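In what follows, a single structure is set out as C-alpha cells and then discussed.
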Amino acid sequence: MAEKKRKLENPPEDVAATEPEGKKAKRESKKEGKKDKKDKKDKKDKKRKVQDVDVVSIEDKETELKEKKDKKEKRDKKDKGDKKEKKEKQEPKEKKSKDGLADDEEQPTAKANGAEPEPEISKDAPDAMDIDGEEEVKETSGKEKKKKKGKKAKKAKSQEEQEQTGEQGNPQSEEKEKAEQGSKQTVAPKQKAARFIVFVGNLPYSANTESLSAHFEKIQPISVRVATQPDKPTKCRGFGFVEFDNYDRMKTCLKLYHHSSFDDGKYPPRRINVELTAGGGGKSEHRKAKIEYKNQKLAEERKRQAKETKTEKVNKAKAEEKPNDDYANIHPSRRPRMA
C-alpha cells in the first residue's frame, strides 16, 4: 500500500527523471534502428517500382515494333496482290487486242481472194466484259491448272508404257531407236579436214612463189604463198606460207629446212625460219595462243634433238680417239691365252 501511494504521489516526469541514463540510451537506439529499417524499406519499394516501370516501357516498345512490322508486311502483301491482279487483268486484254489485229489482217486477204468479209464484232462487248475481269481471270487460271494436270497425267502414262515395253523388249521400238540414231549420225555436220601449213620467215624482199617453191620442191608442197606489199605486189614482205598434203612431209620440212640457206640469186643467201602456224588467218587471241603453244612444243623437240646430236658427236669422237685393239671383242681373262 505504501508503494502505491508513492507512485501516485510521484508524477511520470519524475519517474523518467529517476530512471537511469542507460535505459534512455537503449530506447533512443531502438527508435533510430526502427527509423533506419523504415527508410531502407521505402528505398527498396521505390527501386522495385522503377524497375517495374522500365520493364513495362520495354514491353510496350516491343509490342509497338511488332505492330509496325505486321502493318508493313500486310501493306507489302496487299501491293503484291494488287500488282498480280493488274497483270492478270492486262493479259486477257492483250490477248484480245492481238486477236483483233489478226482478224483485221485476215479481212483484207479474204477480200483479195474474193471471199465475203466476216461481220464485225461490236466494241461494246469487251467493255462489258472488263467489268467482270476478275471472274475471267479465275476461270482462265482454273483452265490452265486443268491443262497442266492433264499433261502431267499423260507424261506419267507414257513413262509407265515405256517402262513396260522396255521390260518386255519390243523389237520394233529398238529398230526405231536405231533408225533415229542413224539419221542423227548422217545429219551431224562434217568436221573440217586438218591442214598442214608451215610459216616461212626471214625471206628476202626479192622472194616470190617460184623461188620459194623451187627451194621446197623435194618435199612436194601443195601450195606456196608469199606475202607481198599492197602498194608493190612484186615486193615480198619477208614471210610466206607453205602447205602440204601430209603430216609426215610437214614434219620433214620442220626438221630439215629450218635454218636452211635460201638463195634466189638476187640477194646473198640467208637462213630462213620454218615454224608452225594455224590456217584461216586473222589476228584473234585464240589463234595467237594456239600458234604459240604449237611453236613452244616444236622448240622443245628441237632442243631435245640438238642434245641428242651433241651426245652422238661426243661418243663418235671418243671412239675415234681410242687405239685399234685386235682383242677388243675378247674377254680380258682369255686374252693371255690368245697371245
Side-chain angles (χ1 to χ4, degrees), residues 177-178 180-317:
E177 288 178 357
K178 287 179 181 178
E180 287 177 357
Q181 288 177 359
S183 64
K184 285 179 182 178
Q185 288 176 1
T186 54
V187 172
K190 293 180 180 179
Q191 292 182 355
K192 290 183 179 180
R195 298 179 70 184
F196 307 103
I197 305 168
V198 161
F199 172 83
V200 182
N202 199 26
L203 292 171
Y205 293 120
S206 62
N208 54 19
T209 55
E210 293 175 357
S211 60
L212 197 63
S213 60
H215 185 74
F216 292 101
E217 66 181 354
K218 290 182 180 179
I219 314 169
Q220 298 176 358
I222 295 169
S223 66
V224 177
R225 299 186 299 277
V226 177
T228 57
Q229 293 181 1
D231 298 334
K232 297 177 181 179
T234 56
K235 192 172 183 181
C236 177
R237 289 170 64 186
F239 64 92
F241 299 95
V242 181
E243 188 173 356
F244 301 97
D245 62 345
N246 196 354
Y247 174 76
D248 295 329
R249 287 180 180 176
M250 186 183 73
K251 197 172 182 180
T252 53
C253 178
L254 291 166
K255 189 175 182 180
L256 300 176
Y257 286 86
H258 182 59
H259 287 170
S260 63
S261 62
F262 179 82
D263 187 10
D264 61 347
K266 297 177 182 178
Y267 276 84
R270 57 170 66 190
R271 294 172 71 186
I272 58 173
N273 299 321
V274 181
E275 295 176 353
L276 288 166
T277 186
K283 295 180 180 180
S284 63
E285 292 181 356
H286 178 69
R287 185 172 181 273
K288 288 178 182 178
K290 193 176 180 181
I291 293 165
E292 284 179 2
Y293 178 70
K294 283 183 177 180
N295 287 319
Q296 281 177 1
K297 272 191 167 183
L298 201 152
E300 289 173 0
E301 286 180 2
R302 283 174 176 169
K303 284 180 183 178
R304 192 174 65 252
Q305 287 175 0
K307 285 181 182 179
E308 287 176 358
T309 52
K310 280 182 181 180
T311 53
E312 285 176 1
K313 286 179 182 179
V314 170
N315 291 329
K316 284 180 181 179

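For clarity, every value in this text was computed on a predicted model and none was experimentally measured.
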(request) Using the test ring pair (Phe, Tyr, Trp, His ring centres under 6.0 Å), find all partners of Tyr267 that sit at least two apart in sequence or belong to another chain. (result) none
(request) Any chance you could measure Phe199, atom CZ, to Asn273, atom CG, to the nearest 0.5 Å? (result) 8.0 Å
(message) Taking ring pair (Phe, Tyr, Trp, His ring centres under 6.0 Å) as the cut-off, I'd like each qualifying pair that reaches into residues 207-237, sequence neighbours left out, listed once.
(response) His215-Tyr257, His215-Phe262, Phe216-Tyr257
(message) So, taking the atom named CZ in Phe244 and the one named CD1 in Ile197, what distance separates them when rounded to the nearest 0.5 Å?
(response) 10.5 Å
(request) Name all residues meeting the side-chain contact (heavy atoms from CB on, under 4.5 Å) criterion together with Lys297; count only those two or more places apart in sequence or in a different chain, and write none if there are none. (result) Tyr293
(message) For residues 212-241, which residue pairs pass the salt bridge (charged side-chain N to carboxylate O under 4.0 Å, His left out) check, not counting sequence neighbours?
(response) Arg225-Glu243
(message) According to salt bridge (charged side-chain N to carboxylate O under 4.0 Å, His left out), does anything in residues 298-314 pair up with another residue at least two apart or in another chain? List the pairs.
(response) none
(request) Applying side chain to side chain donor-acceptor pair (under 3.5 Å), name anything that partners Arg271, two or more places apart in sequence or on another chain. (result) His259
(message) For Val274, run the side-chain contact (heavy atoms from CB on, under 4.5 Å) check against Val242, Leu298, Val198 and tell me which one passes.
(response) Val198
(message) Restricting to non-hydrogen atoms, name the atom on Gly240 and the atom on Leu203 that form the minimum distance, rounded to 0.1 Å.
(response) N-CD1, 3.8 Å
(message) Ignoring hydrogens, what is the shortest heavy-atom contact between Thr277 and Lys294? Give both atom names and the distance.
(response) O-NZ, 3.7 Å
(request) Work out which heavy atom in Thr228 is nearest to a heavy atom in Pro233; give both atom names and the distance. (result) CG2-O, 3.1 Å
(request) List in chain and number order the residues that pass side-chain contact (heavy atoms from CB on, under 4.5 Å) with Leu256, two or more places apart in sequence or in another chain; answer none if no residue qualifies. (result) none
(request) Work out which heavy atom in Pro204 is nearest to a heavy atom in Asp264; give both atom names and the distance. (result) CG-OD2, 4.2 Å
(request) Look up atom CG in Leu254 and atom CG in Asn295, then write down how far apart they are to the nearest 0.5 Å. (result) 9.0 Å
(request) Locate the shortest heavy-atom distance separating Cys236 from Val226; write the atom from each residue and the value. (result) SG-CG1, 3.4 Å
(request) Using side chain to side chain donor-acceptor pair (under 3.5 Å) as the criterion, list what pairs up with Gln220, not counting sequence neighbours. (result) Arg249
(request) Return the set of residues passing side chain to side chain donor-acceptor pair (under 3.5 Å) with Asp263 (not counting sequence neighbours), or none when no residue passes. (result) none
(message) Suppose we screen for side-chain contact (heavy atoms from CB on, under 4.5 Å). Which residues come up paired with Lys288, at least two apart in sequence or across chains?
(response) Lys283
(request) Check side chain to side chain donor-acceptor pair (under 3.5 Å) between Thr209 and all other residues, then give those that pass, not counting sequence neighbours. (result) none
(message) Run the side-chain contact (heavy atoms from CB on, under 4.5 Å) test against Asn208 and tell me which residues pass, sequence neighbours left out.
(response) Glu210, Ser211
(message) Are Met250 and Leu276 packed together at the side-chain level, in the sense that at least one heavy-atom pair is separated by less than 4.5 angstrom?
(response) yes
